[in-house]
2 protein chains.
Amino acid sequence: MKRLTTRQKEVLESIHKFISDHGYPPTIREIAKSHGFSSPRAASDHLKALQRKGYISKSSLARSIRLTGKASGEGMPKVPLLGRIAAGLPILAEQNIEEYLVLPPDPKNRKIDFALRVSGDSMTGDHIKDGDIILVKAQQTADNGDIVVALLDGQATVKRFYRRQDAIELKPSNPSYEPIEVKEDIRIQGKVLSLYRVL
Amino acid sequence: MKRLTTRQKEVLESIHKFISDHGYPPTIREIAKSHGFSSPRAASDHLKALQRKGYISKSSLARSIRLTGKASGEGMPKVPLLGRIAAGLPILAEQNIEEYLVLPPDPKNRKIDFALRVSGDSMTGDHIKDGDIILVKAQQTADNGDIVVALLDGQATVKRFYRRQDAIELKPSNPSYEPIEVKEDIRIQGKVLSLYRVL
DNA sequence: TTAAATGCTATACAAATGTATAGTAATAAG
DNA sequence: CTTATTACTATACATTTGTATAGCATTTAA
């Protein structure tokens, strides 16, 4: 799913709010008005972009906008899906949030704090592949063998966690990658609880 | 809440179904058409009655019907999770249903018909491992390269689908397994759309 | 560097849509 | 018995609404 511009995010958010306030989707002119556009065309352009990027679907009928994915699940738990991690910021900083995901209830009743799109193939030994979305519980430490999210050089990375004598080993499960040794464990951001993949 | 007539119940039910099918409420004419009324007035009369009796609320805007109270509390989509497949029965037979899963809305807005727990490691080349839950759209055929669910010897199996000259090839993505040739494609039960894994 | 995408203003138009008017007939309520 | 409610047909009309046309300035991607 392609990324949205700030403006497009605002428009999508306003549609979400309108539906949750009114119970039915807004018209193009209602969207325009709520953003101060003086022409329906401005709102229509945004809708076309949102549709092209897969965030909404619509027909040529009145009030026929449908939110795909996230907002259609009212009342379900929502977690932030983190995109590119900006260096120096806390991982859950708003700048890092790409969108919000609706999740099914965790089968073991654990709390999911955030989701992250996996990039790279360093964990293919655990059958975690590029593009997979991992669901993560935020925590600062972990047990040996846990799959964790850690910040390395301002980038979020997924690795297996092992506590050594005087360091932490972050081990890729793909043997073509080398294990990484870090001194502090404060870079641990969370533990991976589940995985979701769209084919 | 005043009681409804049979006809009014039918109309209310059709509105409910329309919203759950389309994601937005119907127009007066769409309601009329679905009940075979030749005049929008007929549907409008029913809406007035439903509003007076407190079952809906509406404004004078397009598609502004709202279901009040419990009628609006739509549940999330639930799909059957299939367990051991009983030989000779249709895959969606009640005997095969282990439990019902609440799913997040599909990001591409596709319809999920059932879920299946993967058993075995024949698809590890696609990073689908034992215990994974695959979300499947029911269909009788597929395109080359699709990952499908098929019935082989009364057992549900997940393989890649390839149409050959006079047969169907079901190919495991784990090279230590041999491809399977079948004559008919009527055993295809559905196409795998997404995957969920609990760690 | 050139094309595509973004983000708008302004106006116009045909189709979609809620509502109104004018009836008819059967049933239920007071 | 009379009135309100139910349950419709048929047509008309003003608004609402999506979309189209014609621009323009800025930013992003190839």
Side-chain angles (χ1 to χ4, degrees), chain A residues 1-19 21-68 83-84 86 95 98-99 119, chain B residues 1-16 18-19 21-68:
Chain A
M1 202 116 90
K2 281 175 200 163
R3 280 186 63 181
L4 296 178
T5 66
T6 313
R7 209 82 185 93
Q8 286 164 357
K9 258 183 217 167
E10 283 172 22
V11 172
L12 183 62
E13 200 44 51
S14 78
I15 296 170
H16 181 258
K17 188 177 185 311
F18 190 101
I19 294 177
D21 285 354
H22 296 82
Y24 47 84
T27 65
I28 288 177
R29 278 172 182 83
E30 282 164 348
I31 295 168
K33 200 178 173 188
S34 80
H35 288 269
F37 306 153
S38 62
S39 169
R41 175 64 194 268
S44 185
D45 278 353
H46 285 300
L47 294 184
K48 271 176 192 151
L50 288 171
Q51 187 167 26
R52 181 166 43 79
K53 293 183 178 179
Y55 287 80
I56 64 168
S57 67
K58 67 183 286 300
S59 73
S60 71
L61 301 165
R63 296 186 193 279
S64 62
I65 298 171
R66 302 186 64 175
L67 300 172
T68 61
R84 184 160 300 173
Q95 289 92 329
E98 199 171 281
E99 61 173 308
S119 122
Chain B
M1 206 116 87
K2 281 174 202 165
R3 279 183 61 185
L4 297 177
T5 66
T6 313
R7 209 82 186 91
Q8 286 164 359
K9 257 183 219 165
E10 283 172 24
V11 173
L12 183 62
E13 198 44 50
S14 79
I15 296 170
H16 188 263
F18 189 102
I19 294 177
D21 284 354
H22 297 82
Y24 47 84
T27 65
I28 288 176
R29 278 172 182 82
E30 282 164 348
I31 295 168
K33 199 177 174 188
S34 80
H35 289 269
F37 306 152
S38 62
S39 168
R41 175 64 195 268
S44 187
D45 277 353
H46 285 300
L47 294 183
K48 270 174 192 153
L50 288 170
Q51 188 167 26
R52 181 165 43 80
K53 294 183 178 179
Y55 287 80
I56 65 168
S57 68
K58 65 183 288 300
S59 73
S60 71
L61 302 164
R63 297 186 193 277
S64 61
I65 298 171
R66 304 185 64 175
L67 300 173
T68 61

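So that the names make sense, note that chain A is the first sequence line, chain B the second, and so on, each numbered from 1. Just so you know, these numbers use all the heavy atoms, side chains as well, and skip hydrogens, waters and symmetry mates.
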Student: With respect to the side chain of A:K53, which nucleotide from C:dT6, C:dT19, D:dC8 is positioned closest?
Tutor: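 Among the listed nucleotides, the one closest to the side chain of A:K53 is C:dT6.
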Student: Starting at CG of A:D45 and ending at C1' of C:dT9, how long is that distance when rounded to a whole Å?
Tutor: 11 Å
Student: Among the candidates D:dC13, C:dG7, D:dG18, find the nucleotide nearest to the side-chain atoms of A:R7.
Tutor: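 Nearest to the side-chain atoms of A:R7, counting from C-beta on, is C:dG7.
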Student: Is the phosphate of D:dA7, meaning OP1 or OP2, less than 4.0 Å from a side-chain N or O of B:Q8?
Tutor: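 Yes, B:Q8 has a side-chain N/O under 4.0 Å of OP1/OP2 on D:dA7.
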Student: Out of D:dT17, D:dT11, C:dC8, which nucleotide sits closest to the side chain of A:A62?
Tutor: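 Given the options D:dT17, D:dT11, C:dC8, the side chain of A:A62 is closest to D:dT17.
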Student: In terms of side-chain heavy atoms of B:T5, which of C:dT6, D:dA7, D:dT17 is nearest?
Tutor: D:dA7
Student: With a non-hydrogen cut-off below 4.0 angstrom, is B:S39 in contact with a base, only sugar-phosphate, or nothing?
Tutor: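 Since a base atom lies under 4.0 Å of B:S39, the category is base.
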Student: Can you find an N or O donor on one side and an acceptor on the other, under 3.5 Å apart, linking the side chain of B:S38 with the base of D:dA10?
Tutor: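 Answer no: no donor N or O sits under 3.5 Å from an acceptor.
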Student: Nearest to the side chain of A:P40, which nucleotide is it out of C:dC8, C:dA12, D:dT5?
Tutor: C:dA12
Student: Can you tell which of D:dA10, C:dT6, D:dA7 lies closest to the side chain of B:R41?
Tutor: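 Of the options given, the side chain of B:R41 lies nearest D:dA10.
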Student: With a cut-off of less than 4.0 Å, is there a side-chain N or O of B:R63 near OP1 or OP2 of C:dG18?
Tutor: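 No.
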Student: With a 3.5 Å cut-off and just heavy-atom distances, do the side chain of B:T27 and the base of C:dA16 make a donor-acceptor pair?
Tutor: no
Student: Counting only side-chain heavy atoms from C-beta out, which of C:dC8, D:dT5, D:dC8 sits nearest to B:F37?
Tutor: D:dC8
Student: Quick one: do B:R7 and B:E10 satisfy salt bridge (Lys or Arg N to Asp or Glu O under 4.0 Å)? Show the steps, please.
Tutor: CA-CA 5 Å; B:R7 209 82 186 91; B:E10 283 172 24; 2.3 Å; yes
Student: Parallel, tilted or perpendicular for A:H22 and A:Y24, by the 30°/60° rule?
Tutor: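 Tilted.
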